[in-house]
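Comments concern the structure below.
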There are 2 protein chains.
Amino acid sequence: MQLDKVVAYHKALADPTRIKMLIMLAGGELNGQTLAEKLGVSPATVTHHAAKLREASLINERREKNTIYFCLNDYFIKSNANAAEKLIYRNAEREGGENAMEESNKRLKDSVIRNFFTSDGRLKHIPVQLKKKLIVLQHLADQLAKGQTYTEKEINAFIKRFHDDFATIRREFIMHQLMYREKDVYELNPPELWAKWETLS
Amino acid sequence: MQLDKVVAYHKALADPTRIKMLIMLAGGELNGQTLAEKLGVSPATVTHHAAKLREASLINERREKNTIYFCLNDYFIKSNANAAEKLIYRNAEREGGENAMEESNKRLKDSVIRNFFTSDGRLKHIPVQLKKKLIVLQHLADQLAKGQTYTEKEINAFIKRFHDDFATIRREFIMHQLMYREKDVYELNPPELWAKWETLS
DNA sequence: CATCTAATTAGATATTCATTAAATAAGCTA
DNA sequence: TAGCTTATTTAATGAATATCTAATTAGATG
């Protein structure tokens, strides 16, 4: 996603009236006049803000006779909540130089993987120490396909190849943001979003 | 209302120069003049934008001699990417009247608190099941003052009144977004930002 | 067609905000 | 101390924008 789009998206959400509109629309579709009343502004103002929200793909419209009903574009809101974050960290990799810590982390990672996995690749047990647990989780996540979506069953089956307690590991995937779940569909998050031990404790 | 915070957060990200600054900072810390050069703006402009980003807790600063290095507040960026989304959907529930789930959740909450806390209010042990763990954490957080800031020591002392493993609980507070930490200052997040079990598993 | 309703546009105003140059402050060094 | 570097504040300017009223459009219905 381009810088312009990210800025436009955040501009759209950078106004109290528009946020209130979205909150109201989350309760169900509404037409312009009703919104105007509820918000205590003129219909013209609602039109103005609706245009902004539409440009940012945050709402959709449906016409019925004379009246136009607005509703949330649920999908877009969810899928763009992290837009800025993604842009920031993705571009950073390009800029960023490797520092010394990288090296030491790499060594730790190797040692954890050697110690917690058997020679045939199964996980002996889940590390208690957060830092090591994250390494293990990330090692598992690395073996899932990017962009691919999975059902819960598929995820369970995948994890069971490594460890019997698939429920715990599946939950930790979500908790540490290695994966993201919507309804019953699981998908890998990009590594930039993964919880990092440096920032935690 | 916490609406202000969400708006402020998005305002901070609603400017191309600020997004560029964040991208650059994601590559490592930089001082004002370097940023000004890279961005092609005056130092005064950088100061201006840095102030906005600081207000929104998106960056931190470190002073060395007379030069100030800015860096990303990684944690805050990650934990607030969904701020608007959460606010929108959370408030929608309120508008749409209480649903049946509310009732059942309330009962669960009562039972968890009865079962995991002793009669004098200490926590017997930390629940393993996420849903119950969140209830316990939220029950603890409810006993902290809103808006008040705490040092790490104070937080530790507070938690120790309930359970000896203050380090784990303190970490879980942050992990599940009940609190937010900047440098050494801890503060309660508004409940809208708290992790919700309905959305997890 | 005449009329009603809902939504949009146009024009006007006030506010917010990004930007800069110039002045000031804060901290270091010789 | 004087002098250097970096950052912040101030005041000014121009651009963007939130909001209103009044006029206009679009669609439906008599």
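Every chain is numbered from 1, with letters handed out A, B, ... down the list of sequences.
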* Kindly say whether B/Phe173 contributes a backbone atom to a donor-acceptor pair with the side chain of B/Arg171 at under 3.5 angstrom? => no

* Asked: In terms of side-chain heavy atoms of A/Ser42, which of C/dA21, D/dC20, D/dA18 is nearest?
  -> D/dC20

* **Euclidean distance, atom CD of residue A/Glu55 to atom C1' of D/dA16 [Å, nearest integer]** => 13 Å

* 5' priority, DNA chain C, between A/Arg54 and A/Asn66 [closest heavy atom] -> A/Asn66

* To do: Could you state the atom-to-atom distance from CD of A/Glu61 to P of D/dG27 in whole Å?
  => 14 Å

* How many angstroms lie between CD1 in A/Ile126 and CD1 in A/Ile169, if you round to the nearest 0.5 Å? -> 4.0 Å

* To do: Could you tell me the separation between the CG atom of A/Asn31 and the P atom of D/dG27, rounded to a whole number of Å?
  => 17 Å

* Pairwise 5' ranking along DNA chain D for A/Pro43 and A/Arg18, keeping only the more 5' one -> A/Arg18

* Could you grab the distance from atom CD1 of B/Ile59 to atom NE2 of B/His49, nearest 0.5 Å is fine? => 11.5 Å

* Asked: Rounding to a whole Å, what distance do you find between A/Leu39:CG and C/dA7:P?
  -> 13 Å

* Would you say a side-chain N or O of B/Thr17 is under 4.0 Å from OP1 or OP2 of C/dT19? -> yes

* Would you kindly give the CD-to-P distance between A/Glu64 and C/dA6, to the nearest whole Å? => 13 Å

* Asked: How long is the line joining CD1 of B/Ile59 and P of D/dA7, in whole Å?
  -> 12 Å

* Asked: Taking the side chain of A/Asp15 as its heavy atoms from C-beta onward, which of D/dA18, C/dT19, C/dA22 lies nearest to it?
  -> D/dA18

* Structure fact -> In whole angstroms, the gap separating P of C/dA18 from CE of B/Met21 amounts to 12 Å

* Can you list the residues that meet the side chain to side chain contact (heavy atoms under 4.5 Å, CB included) rule with A/Glu61, with sequence neighbours excluded? -> A/Arg54, A/Ile68, A/Phe70

* Asked: Nearest-Å distance, NZ (A/Lys52) to C1' (C/dT9)?
  -> 15 Å

* Tell me what A/Val46 touches on the nucleic acid: a base, only sugar-phosphate, or nothing, going by heavy atoms under 4.0 Å. => nothing

* To do: Consider the side chain of A/Gln33, meaning its heavy atoms from C-beta on, and name the nucleotide among C/dA6, D/dT6, C/dT20 that approaches it most closely.
  => C/dA6

* Given C/dA6, is OP1 or OP2 found less than 4.0 Å from the side-chain N or O atoms of A/Thr67? -> no

* Look up atom CG in A/Leu22 and atom OG1 in A/Thr17, then write down how far apart they are to the nearest 0.5 Å. => 11.0 Å

* Short side-chain N/O contact to D/dC20 OP1/OP2 from A/His48, under 4.0 Å -> no

* Asked: Roughly how far, to the nearest 0.5 Å, is the CG atom of B/Leu35 from the CE atom of B/Met21?
  -> 5.0 Å

* Considering only C/dT19, C/dT8, D/dC20, which nucleotide approaches the side chain of A/Ile68 most closely? -> C/dT8

Polar atoms only, N or O, under 3.5 Å: list the protein pairs with nucleotides 12-16 of chain C and their distances.
none

* Asked: Do the two ring centres, one from B/Phe166 and one from B/Phe162, sit under 6.0 Å apart?
  -> no

* Could you tell me whether B/Thr47 contacts a base, only the sugar-phosphate backbone, or nothing, with contacts defined as non-hydrogen atoms closer than 4.0 Å? => base

* Structure fact -> Sorted by chain and residue number, the side chain to side chain donor-acceptor pair (under 3.5 Å) partners of A/Asn31 (sequence neighbours excluded) come out as A/Thr34

